[in-house]
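Below: one structure, written as structure tokens.
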Amino acid sequence: MKTMLVTGGAGFIGSNFIHYVLETKPEVELLVNLDLLTYAGDLENLRSVESDPRYRFARGDIRDRKAVEELFDRYEFDTVVHFAAETHVDRSIVEPEVFLTTNVVGTQTLLDAAKAHWKTEPDNKYSREYKPGVRYLQVSTDEVYGALGRTGKFRETTPLAPNSPYSASKAGADFVVRAYRETYGMPVNVTRCSNNYGPYQFPEKLIPLMIHNALEDRPLPVYGDGMQVRDWLYVRDHCAAIWTVLEKGAPGEIYNVGGNNERANLEIVRLILRELGKPESLIEHVADRPGHDRRYAIDNTKITTELGWRPAYTFKDGIAQTIRWYLENREWTERIVSGAYRSYYERMYGRSAG
Ligand code: NAD
Ligand code: DAU
């Protein structure tokens with residue numbers, strides 16, 4: 001892991017991952033961040049590393065075959081960590097197409113470039129030999145498994161049953177990765193993580209959206225009865241899990257990532273209000289999300305027992321740290337909600353974003 005391509009590094013988890021690697025992994029000599037800078041990408045998230053000699057930014061589209069190949073020619077990556085994606089379920093409901101092209105075709109484009117550059121005999125279509133030490137990691141999601149009832153957890157063997165255009169596109173990408181393993185013998189891994197929270201999360205997602213609205217004394221829009229359950233993990237723990245899989249994961253394996261931390265949405269919203277000293281009367285139940293998955297929960301036995309990863313943050317500490325970060329960095333959210341995000345919010349919730 002000397003020369004690493006990180007895609008989507010200007011987004012929430014990607015930027016946290018870049019900070020994590022540059023701070024804690026001196027063995028990485030060069031990290032190139034390929035990001036299109038869609039509405040969700042923000043170079044502000046990386047301001048503190050932009051002059052780090054081990055870091056480079058390349059603006060580009062993962063669907064642009066020529067641009068991706070040129071990057072591989074130039075840097076000869078030995079590791080790819082693929083975060084770039086369209087990621088918001090609500091947007092996928094109103095605009096599915098870009099989810100399919102970015103998440104599925106973008107993944108295939110990256111895999112093709114990696115395959116061409118990593119094979120020991122690039123011209124031999126039947127060769128399954130790769131340069132030593134190369135690795136492609138697909139950052140997937142627990143949403144590919146669909147929804148759970150009151151009991152049970154997602155295991156790596158749970159059949160995929162995605163319910164939104166977003167999760168369908170992520171499942172499609174996972175199948176492409178699987179096919180490149182089975183057909184071409186590529187050294188790949190897939191990680192499927194539960195909901196992340198932490199600094200730099202775009203304020204369309206539950207936790208930063210609710211913090212922002214509460215700070216502005218605006219209604220907190222809870223979908224349906226608010227009893228949907230998510231399994232929350234602090235983003236830095238997700239970054240450490242990805243690193244663990246890169247280091248110790250067996251080629252071709254899938255690893256679920258989660259911290260056994262199930263919470264109903266209403267519990268999260270109430271906690272945020274309590275922490276910020278705001279009244280529960282700000283909660284507003286709004287129309288439910290179509291196809292809304294009722295419950296997610298990750299069985300993390302494989303990554304904990306086989307690779308030794310464990311979350312380092314308790315929810316109590318992680319959420320307190322997260323709320324503090326949004327309080328101390330209010331201008332970060334203000335900049336976003338004053339831009340193009342304003343019209344999205346109006347379309348989605350029928351009122352201004354503040
Ligand atoms: P995000 O929406 O915050 O960031 C996505 C990034 O990808 C942005 O910087 C954007 O500019 C970039 N991007 C989008 N389309 C691109 C394209 N065509 N070419 C190049 N760059 C492009 O996403 P996130 O929440 O950080 O999620 C990162 C990855 O982790 C995604 O693959 C997502 O499916 C997965 N994931 C997210 C969570 C979560 O809770 N957020 C949980 C599990 C898995
Ligand atoms: O599980 C991993 C997934 O987590 C990732 O793959 C996705 O990229 C990420 O967006 C996230 O998906 P969710 O749909 O679970 O996250 P979101 O923050 O959009 O919503 C969390 C829960 O809160 C969900 O049950 C819907 C609810 N919600 C969300 C918003 C934005 C509300 O009740 N009101 C809201 O305004």
Side-chain angles (χ1 to χ4, degrees), residues 6-17 33-43 45-46 58-64 67-68 81-93 98-99 101-103 105-107 109-110 138-145 147 154 162-164 166-167 169-170 173-174 191-198 200-210 213 219-233 235 238 242 257-258 263-266 268-269 283-289 291-298 345 348-349:
V6 171
T7 68
F12 164 47
I13 308 173
S15 60
N16 276 282
F17 182 76
N33 170 18
L34 170 63
D35 198 299
L36 183 58
L37 299 182
T38 67
Y39 79 92
D42 187 351
L43 289 179
N45 304 355
L46 296 160
R59 184 167 191 189
D61 191 329
I62 52 166
R63 295 163 294 186
D64 182 342
V68 171
V81 184
H82 177 32
F83 292 97
E86 289 292 336
T87 63
H88 192 37
V89 174
D90 293 328
R91 287 181 192 259
S92 83
I93 294 167
V98 68
F99 284 73
T101 60
T102 292
N103 298 359
V105 178
T107 296
T109 308
L110 280 172
Q138 177 76 8
V139 181
S140 185
T141 165
D142 60 356
E143 296 204 13
V144 297
Y145 296 120
F154 298 131
N163 293 316
S164 71
Y166 162 67
S167 52
S169 68
K170 292 294 290 186
D174 285 12
T191 54
R192 293 187 180 141
C193 189
S194 59
N195 286 61
N196 284 212
Y197 66 96
Y200 304 119
Q201 187 167 29
F202 197 86
E204 64 190 350
K205 306 280 164 62
L206 181 77
I207 289 179
L209 186 147
M210 297 300 170
N213 284 19
L220 274 56
V222 169
Y223 296 159
D225 64 4
M227 295 312 289
Q228 302 83 5
V229 171
R230 298 291 182 265
D231 189 349
W232 294 93
L233 184 73
V235 63
H238 186 188
I242 289 171
V257 182
R263 314 264 164 182
N265 294 339
L266 259 184
I268 300 272
V269 171
I283 295 174
E284 181 181 60
H285 288 271
V286 299
D288 208 351
R289 174 187 275 176
H292 199 169
D293 289 334
R294 194 70 183 166
R295 175 172 165 259
Y296 302 146
I298 282 281
Y345 196 93
M348 212 46 105
Y349 297 99

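This one's a predicted model, so the numbers in the text were calculated from it and none came from an experiment. Counting starts at 1 for both ligands and their atoms, in listed order. Excluded from the calculations below are hydrogen atoms, water molecules and symmetry mates; all remaining heavy atoms, backbone and side chain alike, are included.
Cation-pi geometry between R91 and Y39 is met: the NZ or CZ atom falls under 6.0 Å from the ring centre, inside 45° of the normal.
The aromatic rings of Y223 and H292 sit perpendicular to each other, their planes meeting at more than 60°, with 30° as the lower class boundary.
With ligand atoms numbered from 1 in the order given, ligand 2 contributes 1 (O), 2 (C), 3 (C), 5 (C), 6 (O) to contacts under 4.0 Å with heavy atoms of T141. Near D61, meaning under 4.0 Å from any of its heavy atoms, are these atoms of ligand 1: 17 (C), 18 (N), 19 (N). Each of the following atoms of ligand 2 lies closer than 4.0 Å to a heavy atom of H88: 19 (O). Taking a cut-off of under 4.0 Å to the non-hydrogen atoms of V222, the atoms of ligand 2 that pass are 33 (O). Less than 4.0 angstrom separates some heavy atom of Y166 from each of these atoms of ligand 2: 5 (C), 6 (O), 7 (C), 8 (O). Within ligand 2, counting atoms from 1 as listed, the ones closer than 4.0 Å to a heavy atom of E204 are 31 (C). Applying the 4.0 Å criterion to heavy atoms of N195 picks out, from ligand 1, the atoms 40 (O). Heavy-atom proximity to Y166, at under 4.0 Å, picks out these atoms of ligand 1: 33 (C), 34 (O). Near S194, meaning under 4.0 Å from one of its heavy atoms, ligand 1 places the atoms 42 (C), 43 (C). Atoms of ligand 2 found under 4.0 Å from any heavy atom of H292, numbered from 1 in the order shown, are 24 (C), 25 (O), 26 (C). For ligand 1, the atoms closer than 4.0 angstrom to any heavy atom of L37 are 11 (O).
The shortest N or O to N or O distance between C193 and ligand 1 is not under 3.5 Å. At a 3.5 angstrom cut-off on N or O pairs, T38 counts as close to ligand 1. Residue L36 has at least one nitrogen or oxygen atom sitting less than 3.5 Å from a nitrogen or oxygen atom of ligand 1, judged on distance alone. Checked by distance only, ligand 1 and I62 come closer than 3.5 Å through their nitrogen or oxygen atoms.
Within the 4.0 Å heavy-atom cutoff, S15 does not count among the residues contacting ligand 1. No heavy atom of Y197 sits closer than 4.0 Å to any atom of ligand 1. The shell of residues lying under 4.0 angstrom from ligand 1, judged by heavy atoms, excludes T7. Under the 4.0 angstrom criterion for non-hydrogen atoms, G9 is not in contact with ligand 1. The shortest heavy-atom distance from F83 to ligand 1 is under 4.0 Å. Contact between M348 and ligand 2 is absent, with no heavy atom of the residue lying under 4.0 Å from the ligand.
Only the side chain of K170 comes within contact range of ligand 1, with a heavy atom under 4.0 Å; no backbone atom does. Contacts between H82 and ligand 1 below 4.0 angstrom, taking non-hydrogen atoms only, are absent altogether.
Summary of contacts: the protein heavy atom closest to atom 36 (O) of ligand 2 is Y349 OH, 2.6 Å. Distance from atom 1 (O) of ligand 2 to its nearest protein heavy atom, with residue and atom name: D142 OD1, 2.5 Å. Protein heavy atom closest to atom 27 (C) of ligand 2, with residue, atom name and distance, is N265 ND2, 3.4 Å. Nearest to atom 11 (C) of ligand 2 among the protein's heavy atoms is N195 ND2, 3.5 Å. In terms of protein heavy atoms, atom 8 (O) of ligand 2 is closest to T87 O, 2.8 Å.
Between atom 17 (P) of ligand 2 and the options R295, R289, R230, the minimum heavy-atom separation is to R289.
Paired with R63 under the rule side chain to side chain contact (heavy atoms under 4.5 Å, CB included), one option of V68, L36, T107 passes, and it is L36.
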